[in-house]
Amino acid sequence: MEENSPEDNKSFSDYGVCDTLCQAIDNLGWKHPSSIQRDVFKVALQEDQNKDIIAIAETGSGKTGAFAIPIIQRLIDNPQRMYALIVTPTRELAFQISEQFEALGSSVGLKTAVIVGGIDMVQQALALARKPHVVVGTPGRLVDHLENTKGFSLSSMKYLVLDEADRCLSMDFEEAIDKILSCFPKERVTYLFSATMTQKVVKLQRASLRDPVKIQVSSKYQTVSTLIQQYLFIPAKYKECYLAYIMNEFRGKSSILFVSTCSSSQLLTLFLRNLGFKAVCINGNLSQVKRLGALNKFKEGARNILIATDVASRGLDIPEVDLVV
Ligand code: AMP
């Protein structure tokens with residue numbers, strides 16, 4: 001939780017958000033801007049719309065709204081297709097970001113296209129040909145389309161957002177991001193969002209941002225006070241046995257288990273299912289349809305244990321989780 005400050009009670013319109021968007025925000029049930037949103041709006045909506053921004057903020061801080069709202073507001077003032085490109089490291093995040101754009105822009109008919117791996121290129125090419133307002137994608141597949149899809153270009157784009165930039169770069173998307181940057185118009189507004197300031201992020205910032213405003217929200221309150229953290233030191237060969245015990249203690253509760261490899265996620269899922277648990281796994285070996293299906297089953301509560309590799313380690317917006325192993 002954040003500490004209370006007088007700014008906490010200010011409304012979205014106090015920071016220059018237009019009425020149309022305030023209505024959409026109200027429909028989402030957001031009462032006040034989060035601190036990253038306040039800081040970004042002060043620059044992007046109040047001081048200088050053309051300013052580049054580098055923001056150090058983690059998932060859960062409301063960062064998607066922080067970049068989506070100024071972009072949509074500007075789009076309302078200057079309606080134009082192929083207006084913004086959002087680059088994000090994982091496919092699930094791309095869908096999540098696109099959903100938030102569409103929810104915020106629903107009353108103005110905002111259209112997005114999600115361009116990620118694991119989904120038919122032709123379908124995506126058709127979606128791009130319909131000229132959405134906002135394209136959200138993962139670096140590799142975006143480059144694939146830039147190289148192979150006739151008519152797809154970034155030349156009319158005004159906004160570039162690099163979301164989870166540190167993760168993008170640590171997953172070796174550097175080359176793909178360079179390619180995207182080289183195809184992007186020089187006259188643009190760039191927002192770079194990152195959870196941490198790694199060397200590669202500093203390099204990217206120097207190369208692709210112009211005199212950016214730096215925004216960093218306090219990370220002091222990021223772990224909620226009600227979270228209980230425990231460390232269990234156990235013999236490796238009895239791991240499954242301990243796990244079964246813990247899962248039994250938390251039977252019926254919603255849990256996420258993180259594992260390091262795709263095969264162990266599959267193995268553990270079978271292990272827990274055999275013990276009568278409602279487990280489902282998500283990993284990079286599954287098709288995108290299956291990945292989204294697993295995530296939806298977990299979000300809806302049809303399965304209450306999600307066994308995940310790091311494809312799900314950041315940014316997923318799941319309202320209630322009782323246990324993370
Ligand atoms: P993000 O950090 O963008 O992944 O957002 C995390 C969650 O916070 C999402 O479920 C958003 O819908 C929600 N959210 C974003 N901004 C606000 C806000 N100002 N008030 C309440 N919830 C918000």
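Note that ligands are numbered from 1 as they come in the structure, with each ligand's atoms numbered from 1 the same way.
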* To do: Report yes or no: does a heavy atom of His32 sit under 4.0 Å from some atom of ligand 1?
  =>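 Contact check His32 vs ligand 1: positive.
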* To do: For residues Ser254 and Glu320, report the shortest heavy-atom separation together with the two atoms involved.
  =>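 Smallest interatomic distance, heavy atoms only, reads OG-O, 2.8 Å.
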* **Residues Asp39 and Lys42 bridged, charged N to O under 4.0 Å** =>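 Yes, this pair counts.
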Does any N/O atom on [X] come nearer than 3.5 Å to any N/O atom on ligand 1?
| X | answer |
| --- | --- |
| Lys31 | no |
| Gly62 | yes |
| Gln96 | no |
| Pro33 | no |

* Interatomic spacing from CD in Glu164 to CG in Leu192 - rounded to 0.5 Å ->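 Result: 11.5 Å between the selected atoms.
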* **Selection from Ala68, Gly60, Ala103 by shortest heavy-atom distance to atom 4 (O) of ligand 1** =>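 Among Ala68, Gly60, Ala103, the closest heavy atom to atom 4 (O) of ligand 1 belongs to Gly60.
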* Asked: For atom 3 (O) of ligand 1, which of Ile36, Ile25, Thr64 has the closest heavy atom?
  ->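 Minimum heavy-atom distance to atom 3 (O) of ligand 1 goes to Thr64.
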Only pairs under 3.5 Å count here: list side-chain donor-acceptor contacts from residues 172-187, not counting sequence neighbours, and write none if there are none.
unit_1 : atom_1 : unit_2 : atom_2 : d
Glu174 : OE2    : Lys203 : NZ     : 3.0
Ser182 : OG     : Lys179 : O      : 2.7

* Asked: Which part of Phe67 is near ligand 1, with near meaning a heavy atom under 4.0 Å away: side chain, backbone, both or neither?
  ->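 No part of Phe67 is near ligand 1 at this cut-off.
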Side-chain donor-acceptor pairs of residues 294-305 under 3.5 Å, sequence neighbours excluded:
unit_1 : atom_1 : unit_2 : atom_2 : d
Asn296 : ND2    : Leu292 : O      : 3.4
Asn304 : ND2    : Lys253 : O      : 2.8

* Asked: Thr309 side chain to Val259 main-chain N or O, any donor-acceptor pair under 3.5 Å?
  ->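 Judged by distance alone, no pair lies under 3.5 Å.
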